[in-house]
There are 2 protein chains.
Amino acid sequence: MNNVQDEPLRDQKKIRRRLQILEIARAIIATKGLRSLKVRDVAEAAGCSVGSVYNEFGDFDGVILTVNRETVQALTVRLAGVPSEDPVHQLYGLAETYLAFFAEHANLLRSLFEHRMEDDRPYPDDILQMVMDAFALMHPPLVRLLPEADDVKIALLSRTLFSAVHGIISLGLEERMVAVPPQMLRQQVDQFLDAHLTGLGILSVR
Amino acid sequence: MNNVQDEPLRDQKKIRRRLQILEIARAIIATKGLRSLKVRDVAEAAGCSVGSVYNEFGDFDGVILTVNRETVQALTVRLAGVPSEDPVHQLYGLAETYLAFFAEHANLLRSLFEHRMEDDRPYPDDILQMVMDAFALMHPPLVRLLPEADDVKIALLSRTLFSAVHGIISLGLEERMVAVPPQMLRQQVDQFLDAHLTGLGILSVR
DNA sequence: ACTCATATTGAACATTGTTCAAATTAACGC
DNA sequence: GCGTTAATTTGAACAATGTTCAATATGAGT
């Protein structure tokens with residue numbers, strides 16, 4: 001067993017604090033946006049010094065990247081929960097779930113997609129991989145709907161669909177670009193899928 | 001006449017410097033990204049003090065916003081140059097021109113779409129309006145192709161198409177998301193339009 | 001309880017946006 | 001031209017914020 005009693009006190013506190021820092025950072029990003037995230041604010045709210053934040057995460061980007069990592073994970077869980085009996089419904093479900101998640105956590109998603117590293121350090125591979133995995137959830141329904149298409153075609157198509165839906169949603173929720181009301185946005189996404197799936201021959205023309 | 005001889009010397013210098021500051025800021029954003037833009041670098045390269053940058057643009061956001069404004073203008077000019085004889089070709093042309101422009105000026109476009117103001121000041125209305133005007137260039141061809149659709153439907157559709165294409169291109173060019181080679185991206189955009197326009201009944205099923 | 005390795009601290013530093021009193025400069029009337 | 005004046009320009013000082021590291025405190029092992 002490896003329960004909490006076995007953990008040295010030192011590590012317990014470390015772990016607890018790590019979680020607290022992340023919780024606070026996430027809350028600030030979610031409510032006030034990435035640009036409002038400040039080391040000192042996080043340290044103060046977590047009841048520790050700025051040095052501790054650095055000990056735990058290396059640099060401030062480390063905090064942001066960890067929050068982003070957890071955002072993709074949460075998104076993946078939500079997307080994986082979409083019912084998969086009917087592949088067409090599944091595709092609509094994935095898009096609508098993405099919309100719902102984006103609407104709930106707009107600033108967290110923006111942090112994921114818009115954050116640029118200091119200098120020109122590369123974005124961590126594992127996060128990229130997680131994003132890819134998330135939209136690979138479209139593969140199975142697409143394979144079922146287009147049995148004769150090869151893997152490359154499926155991969156390309158899922159990437160296209162994901163990117164297109166992402167564009168519609170992210171620009172649609174951008175307040176500054178004359179935000180579309182959420183209900184209307186859902187309709188917009190559905191109509192987009194109607195047209196696109198029809199064009200792919202998946203839905204029949206009405 | 002209002003030629004350069006009539007301008008007081010003071011204003012001439014002011015105008016020249018304003019242009020120079022913008023040119024330098026644009027060059028830095030374009031080559032090293034928005035995050036690498038620093039007041040002192042700009043001032044030094046323009047041969048003036050940091051104070052002058054502030055006198056001219058109010059604050060540093062002012063410089064960025066002015067560069068962004070000029071980016072939309074340049075984009076609009078390019079898009080407006082797409083031939084309009086055939087509405088279907090025009091739509092493809094608009095998308096491909098957007099792709100070409102985005103590929104050439106990726107960092108400038110990211111600055112336009114991703115820059116967030118300090119605090120929560122609103123993004124200037126005139127820039128939003130310019131972006132709207134840019135993608136309103138899709139209205140005429142869509143009206144010709146869908147004569148029975150009302151204005152609201154056209155506006156919504158053009159917004160959807162623009163957002164979708166923007167998503168495909170911006171994620172496709174994102175190095176960190178496993179960048180798609182430009183040639184492949186063009187194919188991807190074309191295939192997207194094929195399917196979507198077919199689904200809308202604009203292209204006939206092959 | 002003592003020792004030692006480790007974690008934590010926060011003051012000091014580095015970088016970068018912002019301000020403003022002082023210096024400079026151009027415009028104008030003579 | 002020259003002095004006066006209003007406007008502009010300057011850059012040192014300030015403010016905000018990311019980062020470091022020597023000194024301190026703390027938990028683990030005996």
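Since the model is a prediction, treat every value here as computed from it, not as a measurement. Any value given below was found using the heavy atoms of this structure, including those in side chains, with hydrogens, waters and symmetry copies removed. Convention: sequence-line order gives letters A, B, ...; per-chain numbering from 1.
Summarising the geometry, the separation between CD on A:E56 and P on C:dT9 is reported as 12 Å, rounded to the nearest angstrom. Rounded to whole Å, the distance from CG on A:L34 to C1' on D:dG18 is 14 Å. Going from atom NZ of B:K13 over to atom P of D:dA7 covers 17 Å, rounded to whole Å. Rounded to a whole Å, the CG atom of B:N55 is 16 Å from the P atom of C:dT25. Taking atom CD of residue A:Q12 and atom P of nucleotide C:dT8, one finds them 13 Å apart after rounding to whole Å. Counting to the nearest Å, the P atom of C:dG17 and the CD1 atom of B:I21 are 14 Å from each other. Summarising the geometry, the separation between NE2 on A:H115 and C1' on D:dG18 is reported as 13 Å, rounded to the nearest angstrom. The interatomic distance linking A:F57 (CZ) with C:dT8 (P) rounds to 12 Å, in whole Å.
Counting heavy atoms from C-beta outward, B:L161 and B:F135 have side chains that stay 4.5 Å or more apart. Counting heavy atoms from C-beta on, the side chains of A:D61 and A:R121 come closer than 4.5 Å.
A sub-4.0 Å separation between OP1 or OP2 of C:dT9 and a side-chain N or O of A:S52 is present. An OP1 or OP2 oxygen of D:dT10 is reached within less than 4.0 angstrom by a side-chain nitrogen or oxygen of B:S49. The shortest distance between the side-chain N/O atoms of B:R17 and the OP1/OP2 oxygens of D:dT9 is below 4.0 Å.
Among the nucleotides D:dT19, C:dT8, D:dT10, the one closest to any side-chain atom of A:D59 is D:dT19. For A:Y54, the side-chain atoms get nearest to D:dG18 when compared with the rest of D:dG18, C:dT19, D:dT10. Ranking D:dT20, D:dT9, C:dT9 by closeness to the A:V50 side chain, first place goes to D:dT20.
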Please write out the pairs of protein N or O atoms and N or O atoms of nucleotides 14-16 of chain C separated by less than 3.5 Å, giving the distance to one decimal.
residue: C:dT16; atom: OP1; partner: B:K38; partner atom: NZ; Å: 2.8

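Contact record, A:L156 with B:Q188: O-NE2, 4.2 Å, taken as the closest heavy-atom pair.
Using a 4.0 Å heavy-atom cutoff across all strands shown, A:R35 reaches no nucleic acid atom at all. A:F60 comes within contact range of the sugar-phosphate backbone alone, with a heavy-atom separation under 4.0 Å but no base atom that close.
Counting only residues at least two apart or in different chains, side-chain hydrogen bond (donor to acceptor under 3.5 Å, both in side chains) contacts with residues 163-173 of chain B comprise B:Y98-B:H166.
No more than 12 heavy atoms of other residues, nucleotides or ligands lie within 6.0 Å of NE2 in A:H89, so this atom counts as exposed by the packing criterion.
Relative ring orientation between A:F162 and A:F113 is described as tilted, the plane-to-plane angle lying within the 30° to 60° band.
With rounding to the nearest 0.5 angstrom, the CD1 atom of B:I28 is 12.5 Å from the OG atom of B:S111.
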